[in-house]
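Lettering of chains follows the sequences in order, A, B, ..., and the numbering in each one begins at 1.
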2 protein chains.
Amino acid sequence: MAERKRQLVSNELTEAALQLLATKGFDAVTIDEIATAAGVSKRTFFRYFASKEDVVVQFLAGMGADIRAELASRPAGERPSVALRYAVGVPLTTCSDHGDRALRVVRLILRTPALHARFLEHQARWRDDLAAELADRLDLDPGTDFYPRLAAGMALNAFDAVLHRWSGGDRPEDPTGLTDRAFAVIAPALDAT
Amino acid sequence: MAERKRQLVSNELTEAALQLLATKGFDAVTIDEIATAAGVSKRTFFRYFASKEDVVVQFLAGMGADIRAELASRPAGERPSVALRYAVGVPLTTCSDHGDRALRVVRLILRTPALHARFLEHQARWRDDLAAELADRLDLDPGTDFYPRLAAGMALNAFDAVLHRWSGGDRPEDPTGLTDRAFAVIAPALDAT
DNA sequence: ACGCTCGTGTCACTCGGTGTCAAGGCGCTA
DNA sequence: TAGCGCCTTGACACCGAGTGACACGAGCGT
């Protein structure tokens, strides 16, 4: 019941933030504006989000675990290129499901340096997660073998490229085909003996 | 002659900054401290560097062009895995040449979130540069073909992994061998038909 | 009605970063 | 040598992000 209210305020904040940021640009909007638009004080904003960037990017936090979980749930014998393709497909289909809401957010992130930087930080964490899972899956030592980290990096590279293409075009094409094409490029390295 | 002085002040600033940041940590040092340690005012600091991060990371600015130039200078028929290996080798040998000075800087960057984020931003620009050069070299259309961007990404991924391993170990092993091993992993995708 | 806790607003403060302006060094020319 | 611009610097004021401290009020159990 108190949790409900927390969630409600949080949504109010993100809603107000996304609306303001998308129209006026990241730097032109102050936290005070966002907070008052959501009907709370600046101090309360920072009780919900650690920074101005977080209000946009925070939803990425859980996705690292999602990707890793998907990879962990793939059948043991599956080729890495396929397993990783599906792992990375999770956030991608989440995006394309949310319609142009997600599109606007992605565009905002990719074209705002401060947000893009945060995004890249998240991705670096995802990569480490994925690499650990991959090392586990293939029984490799991540301390000596470059494969896990590089494979995870390649997969996220493909993810990035797809996201870029998807958000960059005039109108979004379906990410599924894009993802398949991107993974076709990296698969030879992913599946090398 | 005025240029000399500019360079001198700049060096003084970076020197003071690196010394303070390495010992006290990034967040525990204020710009005022750095500036007064270098004998100038805070305002002057910002006439030389755009931000607190820049004083550490600014030397990365030119390296994107260096990498691209090296790639451009590789023989036309050379396999991408080899050409990219040498392109990425440029900053790596620069690092290992500068002894543990560079080591300390790299460690500081990789373990400080704010600096790491800036580093990743630079790398994203490098990737776009490399991708453009690669598309040019192989006569591909970067608007439709995923290969240039992904290949550039893979090469920088290898760069990253090597840097991480190099700075992470107790004492640095030679980056050359590391780089070869990393490129051996990604080469199958780089050189696929 | 009494306390308790928890979320919130207010205030004061630090620090990164920027605009403005006045003061001083330096080369140029008369 | 005196005077005139140019450019660098420092001083100051200012804004916005982020944090700590504290007091207020709502909800709740007794």
Original post:
Taking only N and O in the side chain of B:S41, is any of them less than 4.0 Å away from OP1 or OP2 of D:dT9?
Top reply: no
**OP:** Confirm from the modelled atom types if A:R43 and C:dG7 form a donor-acceptor pair under 3.5 Å, side chain to base only.
**Re:** no
Original post:
In terms of side-chain heavy atoms of B:T30, which of C:dT8, D:dG16, C:dG16 is nearest?
Top reply: C:dG16
Original post:
Whole-Å distance between D:dG20 C1' and A:F45 CZ?
Top reply: 18 Å
Subject >> Single hit among B:K52, B:K42, B:K24 for salt bridge (charged side-chain N to carboxylate O under 4.0 Å, His left out) with B:E33 >> reply: B:K24
Subject >> Distance in angstrom units between A:L21 CG and D:dG16 C1', rounded >> reply: 14 Å
**OP:** Tell me what B:K5 touches on the nucleic acid: a base, only sugar-phosphate, or nothing, going by heavy atoms under 4.0 Å.
**Re:** nothing
**OP:** Return the value, rounded to whole Å, for the distance between atom CG of B:D54 and atom P of C:dT18.
**Re:** 10 Å
Original post:
Roughly how many Å is it from CZ in B:F46 to P in D:dA11, rounded to a whole number?
Top reply: 16 Å
Subject >> Rounded interatomic separation in angstrom, taking CZ from B:R118 and C1' from C:dG17 >> reply: 11 Å
Subject >> Atom pair distance, as rounded to whole Å: CD1 in A:I31 and P in D:dT19 >> reply: 10 Å
**OP:** Have a look at A:R6 and say if it touches a base, only the backbone sugar-phosphate, or nothing, with a 4.0 Å heavy-atom cut-off.
**Re:** nothing
**OP:** Could you state the atom-to-atom distance from CD of A:E53 to C1' of D:dG18 in whole Å?
**Re:** 11 Å
Original post:
Looking only at side-chain N and O atoms, does A:Y48 come under 4.0 Å of OP1 or OP2 in C:dT8?
Top reply: yes
Original post:
Which whole-number value in Å describes the distance from A:K42 NZ to C:dG9 P?
Top reply: 13 Å
**OP:** Scan side-chain atoms only and decide if A:D32 and A:T30 contain a donor-acceptor pair under the 3.5 Å cut-off.
**Re:** no
**OP:** Would you check if the side chain of A:R118 reaches a backbone N or O of A:V56 as a donor-acceptor pair within less than 3.5 Å?
**Re:** no
Original post:
Ignoring hydrogens and angles, are the base of D:dG10 and the side chain of B:R47 linked by a donor-acceptor pair under 3.5 Å?
Top reply: yes
Original post:
Taking for each residue the nucleotide of DNA chain C with the nearest heavy atom, is it B:D27 or A:G39 whose nucleotide lies nearer the 5' end?
Top reply: A:G39
Original post:
Quick one: does A:K52 reach the base of D:dG18 with a side-chain donor-acceptor pair under 3.5 Å?
Top reply: no
**OP:** Salt-bridge test for B:E70 and B:R74: reply yes if a basic N is under 4.0 Å from a carboxylate O, no otherwise.
**Re:** yes
Subject >> Main-chain N/O of B:R79 paired to B:D191 side chain as donor or acceptor, under 3.5 Å >> reply: no
